[in-house]
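Only one structure is covered here, and it is reproduced in the block below.
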Number of protein chains: 2
Amino acid sequence: MATIKQIANLAGVSRGTVDRVLNNRGLVNPETEAKIREIAALLQYTPNKIGKTLSIIKKNIKFGFIIFSSTTSNPYFEDVVTGIDAKSKELEEFGVTVEKRFSDFDNIEPQLNSIDELIAQGINGLALTPVNNPRISEKLLSLHHMGIPVVAVNSDIDHSGRIAYVGSNHTQSGETAGGLMRLMKNGHGNIGVVLGSKDIRGHYERIQGFADILEKYAPDMRIIEVQENHDDDIESFYVTKEMLAHHPEIDGLYIASAGVYGACRAVMQLGLEKKLTIISSDSVPMTVKLIRDGVIDASICQQPFTQGSKPLQILFDYIISQKKPETDIFFTDIEIKIRENL
Amino acid sequence: MATIKQIANLAGVSRGTVDRVLNNRGLVNPETEAKIREIAALLQYTPNKIGKTLSIIKKNIKFGFIIFSSTTSNPYFEDVVTGIDAKSKELEEFGVTVEKRFSDFDNIEPQLNSIDELIAQGINGLALTPVNNPRISEKLLSLHHMGIPVVAVNSDIDHSGRIAYVGSNHTQSGETAGGLMRLMKNGHGNIGVVLGSKDIRGHYERIQGFADILEKYAPDMRIIEVQENHDDDIESFYVTKEMLAHHPEIDGLYIASAGVYGACRAVMQLGLEKKLTIISSDSVPMTVKLIRDGVIDASICQQPFTQGSKPLQILFDYIISQKKPETDIFFTDIEIKIRENL
DNA sequence: TTGAAAGCGCTACCAG
DNA sequence: CTGGTAGCGCTTTCAA
């Protein structure tokens with residue numbers, strides 16, 4: 001609870017001098033400095049966050065947030081946007097503004113352009129769902145060198161200098177789906193899996209986790225087939241239908257990413273909703289409806305709201321304190337949702 | 001983003017006057033007042049929380065937090081304490097101190113005494129897990145009239161004037177257990193239930209919710225017997241053992257409150273851990289171990305950490321803004337935990 | 001009934 | 001290299 005003022009008084013110097021020492025700005029007489037540091041240590045000085053925040057108001061801090069377009073087939077990101085907007089509003093009274101951009105899932109150029117535009121606008125921090133590509137990493141690394149903090153959201157990216165990752169532990173998400181499937185099938189069953197693409201790291205990790213758990217705890221369960229739907233409902237419909245038609249022994253379905261509606265339509269068209277145990281991912285409105293209707297039994301969710309709000313909080317804290325969070329990985333909770341706790 | 005200063009300038013008065021009008025303190029010339037209100041409305045003035053917080057530091061705000069004793073058999077509350085301590089530390093830099101007290105689950109006098117002692121200490125707000133009794137309600141009502149805000153935690157209490165409730169929706173918690181049990185038993189099974197006491201509202205609500213869901217969605221499932229263990233592991237052991245011995249047809253067990261360890265020991269002694277599907281409540285260390293060991297299949301949790309931290313935040317916000325939160329009920333999330341997402 | 005000023009903790013800037 | 005001062009938004013006290 002020591003303040004700069006107290007330290008100044010005790011040391012017989014002005015607050016400015018204490019500030020210079022404690023925040024390493026400008027030069028100070030070594031003796032004075034030593035004395036100040038000693039007193040600060042003695043009093044266990046920790047800067048008061050409110051004081052810092054108040055004095056930052058006039059700086060007009062600006063953040064950028066680039067997210068995968070909400071106009072694609074995956075409405076998941078709308079919930080992320082809700083989180084962004086809520087936190088943006090909260091930060092408004094500190095004079096912070098947030099500029100949102102949308103970019104495509106698998107298209108590098110637009111994302112690079114968005115980043116450049118935001119830099120040109122003079123942002124003080126950036127949060128984004130990065131396309132997993134070396135050119136993006138390099139670009140982010142350059143932001144890092146410019147002193148602009150970057151937070152990766154939903155999907156992490158290596159060699160980018162990002163100060164933190166906020167998102168799901170996809171492996172554990174898959175494991176949870178596997179564990180739950182085992183419980184619901186009582187350890188026996190033949191499982192079909194539908195996912196976006198094995199090339200997307202998060203998707204791959206999910207089926208890995210899923211398979212690992214079955215192998216470890218459910219020797220009598222097997223994964224019959226894994227199909228890709230590229231997060232597209234139409235494609236999802238067809239690949240699921242074909243898979244189920246070819247494998248009548250399948251009695252469990254794990255939909256590991258988007259395309260939930262398409263897959264379920266296939267199930268319904270084949271009249272298999274009673275027979276199949278279905279676990280999906282996330283809880284967009286259509287998924288919620290399908291759970292309510294009893295088609296989907298459970299969904300594994302990843303707190304999209306937090307994925308929108310937390311990154312902005314991390315950036316803001318970084319601006320305030322000028323240091324990275326203690327841990328650079330913020331895994332969102334892995335939530336199991338069924339009809340009763342939606 | 002309008003500030004008091006701006007309004008004062010525009011109105012041609014001092015900040016003090018604007019403050020008096022906007023916060024209804026002291027008398028102000030009606031004309032001046034009208035003018036100030038008009039400008040404030042025009043600029044959509046909202047007080048800056050940081051400014052308010054900063055100026056509240058010197059007031060030495062003090063909160064009390066009364067919680068069920070952590071020395072009883074239910075270690076659940078230790079996690080609540082962790083939440084209290086974390087938030088206390090966070091509030092420290094605003095000059096806030098928090099005084100913890102422990103009182104017994106079913107003993108009125110000590111809780112009344114604790115409340116009186118805290119009042120004597122001059123607390124500015126109180127959070128507590130209230131014993132559900134009219135004498136407690138009355139006492140809390142008197143705090144309300146003294147202008148001391150009260151938040152009920154974990155268990156709500158009527159006619160007490162509390163400004164908010166933070167805790168689980170017990171009915172929904174029971175429903176979730178029911179829904180999950182149905183999924184894991186594939187709609188067929190005979191269930192035994194163990195709970196603390198039917199006289200405790202939260203416990204009763206849980207079995208109500210549980211039973212409702214079975215009735216609604218699982219016509220082929222039945223609740224065979226409901227036993228009380230008074231949250232005591234030894235008692236839990238005996239009643240569970242007896243129940244299972246008398247009813248060999250039971251193949252599912254719902255442990256709705258504490259006494260999880262005792263109940264599971266009974267199951268293990270009878271060698272029924274493979275046969276029974278077990279759903280418990282909360283995730284204290286022993287429960288976590290039992291889930292890891294595969295004895296318990298799933299547990300329905302109620303975010304104890306939040307139950308410790310959120311009430312203090314609500315009290316603090318109330319002190320800052322002098323008004324109640326928009327909603328007076330803060331349900332914690334109902335989390336389904338299995339081995340893979342513990 | 002109102003204005004002026006000090007203070008909460010920190011930062012920034014100017015003058016020396 | 002250092003002190004002094006003003007300012008961020010709000011509250012409170014003293015004086016008029």
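Worth knowing before you read on, the calculation uses all heavy atoms, side chains too, and leaves out hydrogens, waters and symmetry mates. In what follows, chains carry the letters A, B, and so on, assigned in the order in which the sequence lines appear, proteins first and then strands, with residues in each chain numbered from 1.
- Here the P atom of nucleotide C:dC10 and the CD1 atom of A:I319 are 19 Å apart, to the nearest Å.
- Rounded to whole angstrom, the span from the CD1 atom of B:I61 across to the C1' atom of D:dT11 amounts to 13 Å.
- Using a 4.0 Å heavy-atom cutoff across all strands shown, A:T53 reaches no nucleic acid atom at all.
- Between B:T32 and the phosphate of C:dT2, there is a side-chain N or O to OP1/OP2 separation shorter than 4.0 Å.
- Crowding of B:E92 atom CD: a count of heavy atoms from other residues, nucleotides or ligands under 6.0 Å exceeding 12.
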Step-by-step salt bridge (Lys or Arg N to Asp or Glu O under 4.0 Å) determination, B:K87 to B:E90
CA-CA 5 Å; B:K87 183 56 82 175; B:E90 200 182 316; 3.3 Å; yes
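- The pair B:E33-B:R37 meets the salt-bridge criterion, with a side-chain N (NZ, NE, NH1 or NH2) lying under 4.0 Å from an Asp/Glu carboxylate O.
- Rounded to whole Å, atom P of D:dT12 lies 14 Å from atom CG of B:L22.
- What separates CG of A:N9 from P of C:dG9 is a distance of 12 Å, to the nearest Å.
- Remark: B:S14 is not in phosphate contact with C:dA4, judged by side-chain N or O atoms under 4.0 Å from OP1 or OP2.
- Across all their heavy atoms, A:A2 and A:L43 have their closest contact at CB-CB, 3.5 Å.
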Enumerate all atom pairs, one protein N or O and one N or O from nucleotides 6-9 of chain D, separated by less than 3.5 Å.
residue, atom, partner, partner atom, Å
D:dC8, OP2, B:K5, NZ, 3.0
D:dG9, N2, B:G51, O, 3.3

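- There is a side-chain donor-acceptor pair under 3.5 Å between B:Q313 and B:D317.
- Both B:V28 and A:I320 lie near DNA chain C, and the one whose nearest nucleotide falls closer to the 5' end is B:V28.
- D:dG3 atom C1' lies 14 Å from atom CG of A:N29, rounded to whole Å.
- To the nearest angstrom, C1' of C:dG9 lies 11 Å from CD1 of A:I7.
- One can place CG of A:N23 at 18 Å from P of D:dC1, the figure rounded to the nearest angstrom.
- Atom pair A:I36:CD1 and D:dG3:P shows a separation of 8 Å (rounding to whole Å applied).
- Heavy-atom minimum distance, B:L315 versus B:P149: CD2-O, 3.6 Å.
- For B:F330, there are no ring-ring contact (aromatic ring centres under 6.0 Å, His included) partners two or more places apart in sequence or in a different chain.
- Residue B:K59 places no side-chain N or O under 4.0 Å from the OP1 or OP2 atom of C:dC8.
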